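Quantities reported herein were computed from a predicted structural model and do not represent experimental measurements. Order of listing sets the numbers, starting from 1, for every ligand and every atom in it.
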Amino acid sequence: MLDIKVKLKEIRDLGADNYLLTLGAPEQARLIRPGQFVMLKCAGDLDDPPLLRRPFTVFNVSRHARSGKPAGLELLIKDVGTGTRRLVRMKPGQTLYCLGPQGHGFKISSGMRNRLEMACLVAGGVGIAPLYLLARDLMEQNVKPVLFYGGSKMADLVLRDYFEKLGMDVRYATEDGSFGLRGLVTQPFADFIDRNAHRNIRVYACGPWRMMQAVDRLSAQKNLPCEVSLEARMGCSLGACLGCVVRCRDRRGEEQYLRVCQEGPVFDSRLVDWETEPV
Ligand SMILES: Cc1cc2nc3c(=O)[nH]c(=O)nc-3n(C[C@H](O)[C@H](O)[C@H](O)COP(=O)(O)OP(=O)(O)OC[C@H]3O[C@@H](n4cnc5c(N)ncnc54)[C@H](O)[C@@H]3O)c2cc1C
Ligand code: FES
């Protein structure tokens, strides 16, 4: 894990309070795995408020145009409060501290090439963040990813072009019906796994708690393995403060509390106690 003062290279306003920040961070870009995150100091100086760093998943690794070598980190950031507002108001050329890569990402192995037919990726809003690098890795393993991407309205479905350019199958759903199917994203996902019940599918999800709970339930009904990327408020991100714990059950059903920053943020969905949402 590296703590580096990095330069903000670019910031793109994607609409609906979403921004894509590109950080010049080649060392960290080389190390990142799908589903891992970084902790950003939302100010140029370590002494400036807010004191605590904020966690953000790495959406993509930017590359040098000529050499193709990793150059930086692309982060999708939704402006929801003090820290994120400070971040999205920074100007290209400013510097900030970036700690990472952190946490355990999605399980992807070269063995999947022969065993897995398909992967269903289910995203709600900014929950799309960990799924782009994952989709790319799966395609490299010859696994076909199908993305189910939902939001309240069309403007919430940011960065669609990234996935469409990969040539992958993408199904959209919006609650107001402004794009794709009208309703919750879990509906097209449920229909899909119903129609493909005989296939060897693995499920990956990130989004609002209730969405992930529904994805876990639907996957369990079809006996499909499912991984979820969880969010919790973080203090230290180093495993010490226990501020980020989620209530889980081990394989024997015994209660246990796992730290999102250390054991996560990606968990086997069957282990999560979905009745106890982290505060
Ligand atoms: C592992 C991980 C990866 C994340 N990846 C992304 C990402 O790629 N893009 C992105 O936009 N956001 C991501 N988040 C959420 C992001 O960290 C929070 O939105 C951010 O910390 C809010 O900081 P703030 O100072 O702007 O908000 P605050 O002013 O502290 O709070 C504003 C609101 O945001 C809520 N909030 C604060 N922290 C979190 C949190 N950690 N999770 C959920 N809600 C929170 C508060 O309850 C409050 O309602 C991730 C969180 C985790 C734990
Ligand atoms: S944030 Fe401190 S233990 Fe996870």
J.: Please say yes or no: joined through hydrophobic side-chain contacts below 4.5 Å, possibly via intermediate residues, are L131 and V158 part of one cluster?
T.: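 Looking at the clustering, V158 is in the same group as L131.
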
J.: With heavy-atom distances below 4.0 Å as the criterion, list the atoms of ligand 1 near V126.
T.: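 Near V126, the atoms of ligand 1 are 9 (N), 10 (C), 11 (O).
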
J.: Going by distance only, is there an N or O of P55 that falls short of 3.5 Å from an N or O of ligand 1?
T.: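 Yes: some nitrogen or oxygen of P55 is under 3.5 Å from one in ligand 1.
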
J.: Quick check on the hydrophobic clustering: are L271 and W209 connected, directly or via other members, by side-chain heavy-atom contacts under 4.5 Å?
T.: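 Looking at the clustering, W209 is in a separate group from L271.
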
J.: If you scan the protein for heavy atoms around atom 18 (C) of ligand 1, do you find one that is closer than 4.0 Å?
T.: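 Within 4.0 Å of atom 18 (C) of ligand 1, no protein heavy atoms are found.
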
J.: Using the ring of each side chain (for Trp, its six-membered ring), is Y149 parallel, tilted or perpendicular to Y172, with breaks at 30° and 60°?
T.: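 Ring orientation of Y149 relative to Y172: tilted.
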
J.: Do NZ/NE/NH1/NH2 and the carboxylate oxygens of K41 and D48 come within less than 4.0 Å?
T.: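 No, no charged N to carboxylate O under 4.0 Å.
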
J.: Measuring from atom OH of Y204 to atom OG of S219, what distance do you get when rounded to the nearest 0.5 angstrom?
T.: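 The OH atom of Y204 sits 11.5 Å away from the OG atom of S219.
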
J.: For atom 9 (N) of ligand 1, which candidate among I77, L21, V58, L76 provides the closest heavy atom?
T.: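 The residue whose heavy atom sits nearest atom 9 (N) of ligand 1 is L76.
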
J.: Look at E275 together with R247 and state whether they make a salt bridge at an N to O cut-off of under 4.0 Å.
T.: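 No salt bridge links E275 with R247.
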
J.: Closest non-hydrogen protein atom to atom 29 (O) of ligand 1, residue and atom name please, with distance?
T.: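 The protein heavy atom lying closest is T82 N, 3.1 Å.
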
J.: So, for atom 35 (C) of ligand 1, does the protein have a heavy atom nearer than 4.0 Å?
T.: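 Neighbour list for atom 35 (C) of ligand 1 is empty of protein heavy atoms (cut-off 4.0 Å).
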
J.: Could you list the atoms of ligand 1 found under 4.0 angstrom from a heavy atom of P265?
T.: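 Listed by number with element, the hits are 1 (C).
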
J.: With the threshold set at 4.0 Å, does a side-chain nitrogen-carboxylate oxygen contact exist between D79 and R85?
T.: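 Salt bridge present between D79 and R85.
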
J.: If I take atom CG from residue N60 and atom CD from residue E74, how far apart are they, to the nearest 0.5 angstrom?
T.: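 Output value for this atom pair is 4.5 Å.
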
J.: At a 4.0 Å cut-off, with the gap strictly under it, does some heavy atom of A232 reach an atom of ligand 1?
T.: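 It does, in that a heavy atom of A232 comes within the 4.0 Å cut-off of ligand 1.
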
J.: Can you list the ligand 1 atoms lying under 4.0 Å from a non-hydrogen atom of A129?
T.: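 That gives atoms 8 (O) of ligand 1.
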
J.: Is any heavy atom of the protein nearer than 4.0 Å to atom 21 (O) of ligand 1?
T.: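 Yes, there is a protein heavy atom closer to it than 4.0 Å.
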
J.: Going by the closest heavy atom to atom 23 (O) of ligand 1, which one wins out of Q102, R233, R54?
T.: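 It is R54 whose heavy atom sits nearest to atom 23 (O) of ligand 1.
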
J.: Is it the side chain, the backbone, both or neither of V245 that has a heavy atom closer than 4.0 Å to ligand 2?
T.: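 No part of V245 is near ligand 2 at this cut-off.
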
J.: May I ask you to list the atoms of ligand 2 that are less than 4.0 angstrom from any heavy atom of C241?
T.: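 Every atom of ligand 2 under 4.0 Å from some heavy atom of C241: 1 (S), 2 (Fe), 3 (S).
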
J.: When you group the ILVMFWY residues by side-chain heavy-atom contacts below 4.5 Å and let the links chain together, are V61 and L40 in the same group?
T.: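 Yes, it is one cluster - the side chains of L40 and V61 are joined through contacts under 4.5 Å.
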
J.: I'd like to know: is atom 2 (Fe) of ligand 2 within the 2.8 Å range of an N/O/S atom from C261, strictly under that distance?
T.: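 Coordinating: no.
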
J.: Using a strict threshold of under 4.0 Å (side-chain N to carboxylate O), is an ion pair present between E175 and R182?
T.: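 So R182 does not pair with E175 through a salt bridge.
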
J.: Report, in ascending order of atom number, the atoms of ligand 1 lying under 4.0 Å from any heavy atom of V80.
T.: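 It comes down to these atoms of ligand 1: 19 (O), 22 (C), 26 (O), 32 (C), 33 (C), 34 (O).
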
J.: Between C236 and ligand 2, find which residue part has any heavy-atom pair under 4.0 Å and reply side chain, backbone, both or neither.
T.: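 Near ligand 2, C236 shows its backbone as well as its side chain.
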
